[in-house]
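Take a look at the structure below.
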Amino acid sequence: LNVTSDSFSDGGKYSNPDNAINRALEMISHGADIIDIGGESTRPGAEPMSEEGEIERVIPVVEELRRQTSIPISIDTYKSSVARAAINAGANLVNDISGLRFDPMMAHTVARHDVPVVVMHIKGEPRSMQRDPNYTDLIGEIKSYLADSIALAVKAGIAEKNIIVDPGIGFGKTFDHNFKILNNIRQFADLGKPILIGASRKAFLGSFTGTKPDDRLPESISAAVIAALNGAHFIRVHDVEPTVRALRVVDAVRRVE
């Protein structure tokens, strides 16, 4: 749920708190298990925003959603001050695109509040991450980065059971890199943590079809199914109902293996 004005897919649609709450409740009714709320766009080329501005965007939504429902709420931020404010407002999880690297206080904030955290891999920062990203060993380098983030988290006092990893599809990767990550998700199981994949509506999915972000539902469902079959534990999506229906088929197949 992007309460932003400039996210690549739904920027501006839910920047009004009432619209955001209604959308969150709709997502819950469609089968969402967690609502991930972000107040700053991290699309390629995005400029950072102030802590105050981000807090102003997300906290009213977190507070009202917590008042209306008990669903777990994730705060999508790399700023410790925003994470702290959101947790105090009722958020249950921190989703940090920097893998605890951009803000030196983030790991300590998460540890102090004893909440789960998603540590994601990113090469560079949002404004520059897509300027010719190169790797010698894509999967190996991502795993190494995530392993270092896990070590950083544990050193700060975050419980091992509270750590989730995300290889960061679209964050400093070419289209081919993203497809390779989807095909090699099981390699991240070596890290011993649950794996989150967020591929929904991203540009690489439209690279063969030429579709715009809000017209990539079939591609996004394909990516979600592939991710689940290849070992992902969490799937971050925009289109909840059709993805849930597709993943129920995946679950049914798994039950008879």
Side-chain angles (χ1 to χ4, degrees), residues 1-2 7-9 27 31-38 40 42-43 71-78 83 86 91-102 106-107 110 115-123 126 129 138-139 141-150 152-154 158-173 177-202 204-205 220-240 243-244 246-247 250-251 254:
L1 178 66
N2 296 310
S7 288
F8 81 95
S9 175
M27 293 164 80
D33 297 303
I34 300 169
I35 301 296
D36 185 48
I37 300 173
E40 175 181 340
T42 52
R43 61 177 172 77
I71 195 168
I73 297 171
S74 165
I75 180 66
D76 182 356
T77 186
Y78 55 82
N92 313 94
L93 174 92
V94 175
N95 181 11
D96 183 352
I97 65 161
S98 80
L100 306 174
R101 311 297 182 88
F102 290 175
M106 180 62 95
V110 172
V115 295
V117 61
V118 178
V119 294
M120 194 194 80
H121 172 272
I122 184 172
K123 192 177 183 72
M129 63 189 178
L138 175 69
I139 302 301
E141 290 176 40
I142 294 173
K143 284 175 66 176
S144 178
Y145 182 104
L146 294 174
D148 288 346
S149 287
I150 292 169
L152 193 161
V154 172
I158 297 174
E160 292 269 8
K161 65 180 178 63
N162 279 345
I163 303 170
I164 300 159
V165 298
D166 178 352
I169 284 178
F171 287 82
K173 284 90 175 175
H177 291 152
N178 295 324
F179 286 117
K180 186 170 183 178
I181 290 169
L182 277 178
N183 199 36
N184 288 275
I185 292 171
R186 291 195 184 280
Q187 291 198 42
F188 298 103
D190 295 345
L191 295 167
K193 304 299 177 191
I195 302 163
L196 183 149
I197 293 293
S200 178
R201 298 187 183 179
K202 291 186 176 177
F204 80 105
L205 293 176
S220 296
I221 290 176
S222 295
V225 169
I226 290 166
L229 288 172
N230 283 345
H233 302 83
F234 299 89
I235 311 289
R236 184 181 184 275
V237 302
H238 300 84
D239 305 286
V240 177
T243 311
V244 167
L247 293 177
V250 174
D251 287 341
R254 281 174 163 172

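Between atom NE2 of residue H233 and atom CG of residue L196 there is a gap of 11.0 Å, rounded to the nearest 0.5 Å. To the nearest 0.5 angstrom, I37 atom CD1 is 5.0 Å from I73 atom CD1. Here CG of D148 is found 5.0 Å from OG of S144. Values are rounded to the nearest 0.5 Å. Annotation: the span from M27 atom CE to I71 atom CD1 amounts to 8.5 Å, rounded to 0.5 Å. We find the CZ-NE2 distance between F171 and H177 to be 16.0 Å, quoted to the nearest 0.5 Å. Note that CD1 of I34 is 9.0 Å distant from CG of N92, once rounded to the nearest 0.5 Å.
Partners of D166 under the salt bridge (Lys or Arg N to Asp or Glu O under 4.0 Å) rule, at least two apart in sequence or in another chain, do not exist in this structure. Taking the side-chain hydrogen bond (donor to acceptor under 3.5 Å, both in side chains) definition, one finds that N178 meets it with nothing, sequence neighbours left out. Residues forming a ring-ring contact (aromatic ring centres under 6.0 Å, His included) with Y78 (at least two apart in sequence, or on another chain): F102. Residues that satisfy the side-chain contact (heavy atoms from CB on, under 4.5 Å) test with A147, not counting sequence neighbours, are L191. Evaluation of the side-chain contact (heavy atoms from CB on, under 4.5 Å) rule for A107 yields L100, L152, A156, I158 as partners, not counting sequence neighbours. With sequence neighbours left out, K143 forms a salt bridge (Lys or Arg N to Asp or Glu O under 4.0 Å) with D190. In this structure S74 satisfies the side-chain hydrogen bond (donor to acceptor under 3.5 Å, both in side chains) test together with D36, sequence neighbours excluded. Residues meeting the salt bridge (Lys or Arg N to Asp or Glu O under 4.0 Å) test with R101, sequence neighbours left out: none. Not a single salt bridge (Lys or Arg N to Asp or Glu O under 4.0 Å) links D251 to another residue, sequence neighbours left out. Residues satisfying the side-chain contact (heavy atoms from CB on, under 4.5 Å) test with V115, not counting sequence neighbours, are I87, V94, V110, H113.
Contact detail for A232 and I197: the closest heavy-atom pair is CB-CG1, 3.8 Å. Across every non-hydrogen atom of G31 and V240, the tightest pair is C-CG1, 3.9 Å. Heavy-atom minimum distance, A83 versus I75: CA-CG2, 4.3 Å. Pairing each heavy atom of H238 with each of S200, the nearest pair is ND1-OG, 2.7 Å. Looking at every heavy atom in both residues, S98 comes nearest to Y145 through O-OH, 2.7 Å. The minimum heavy-atom distance linking T243 with A224 is given by the pair CG2-CB, 3.7 Å.
Inter-residue side-chain proximity for I163 and V154 is flagged as met; some heavy-atom pair is nearer than 4.5 Å. Counting heavy atoms from C-beta on, the side chains of I142 and K173 come closer than 4.5 Å. The side-chain heavy atoms of V118 and F234, taken from C-beta on, include no pair separated by under 4.5 Å. Looking only at side-chain heavy atoms (C-beta outward), I139 and P167 stay at 4.5 Å or farther from each other.
No donor-acceptor distance shorter than 3.5 angstrom exists from the side chain of K161 to the backbone of P116, with no hydrogens or angles considered. Distance alone, capped at 3.5 Å, places no donor-acceptor pair between the D96 side chain and the V119 backbone. Of the possible donor and acceptor atoms, one in the side chain of S220 sits under 3.5 Å from a partner among the backbone N and O of R201.
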Checklist entry - Could you walk me through whether N95 and R236 pass the side chain to side chain contact (heavy atoms under 4.5 Å, CB included) check? => result CA-CA 11 Å; N95 181 11; R236 184 181 184 275; 4.0 Å; yes
Checklist entry - Passes side chain to side chain contact (heavy atoms under 4.5 Å, CB included), V117 versus M106? Steps please. => result CA-CA 10 Å; V117 61; M106 180 62 95; 5.8 Å; no
Under 3.5 Å, which donor-acceptor pairs do the side chains of residues 179-189 form with other protein atoms, sequence neighbours left out?
from: N184; atom 1: OD1; to: Q187; atom 2: NE2; distance (Å): 2.9
from: N184; atom 1: ND2; to: K180; atom 2: O; distance (Å): 2.7
from: R186; atom 1: NH2; to: L229; atom 2: O; distance (Å): 2.6

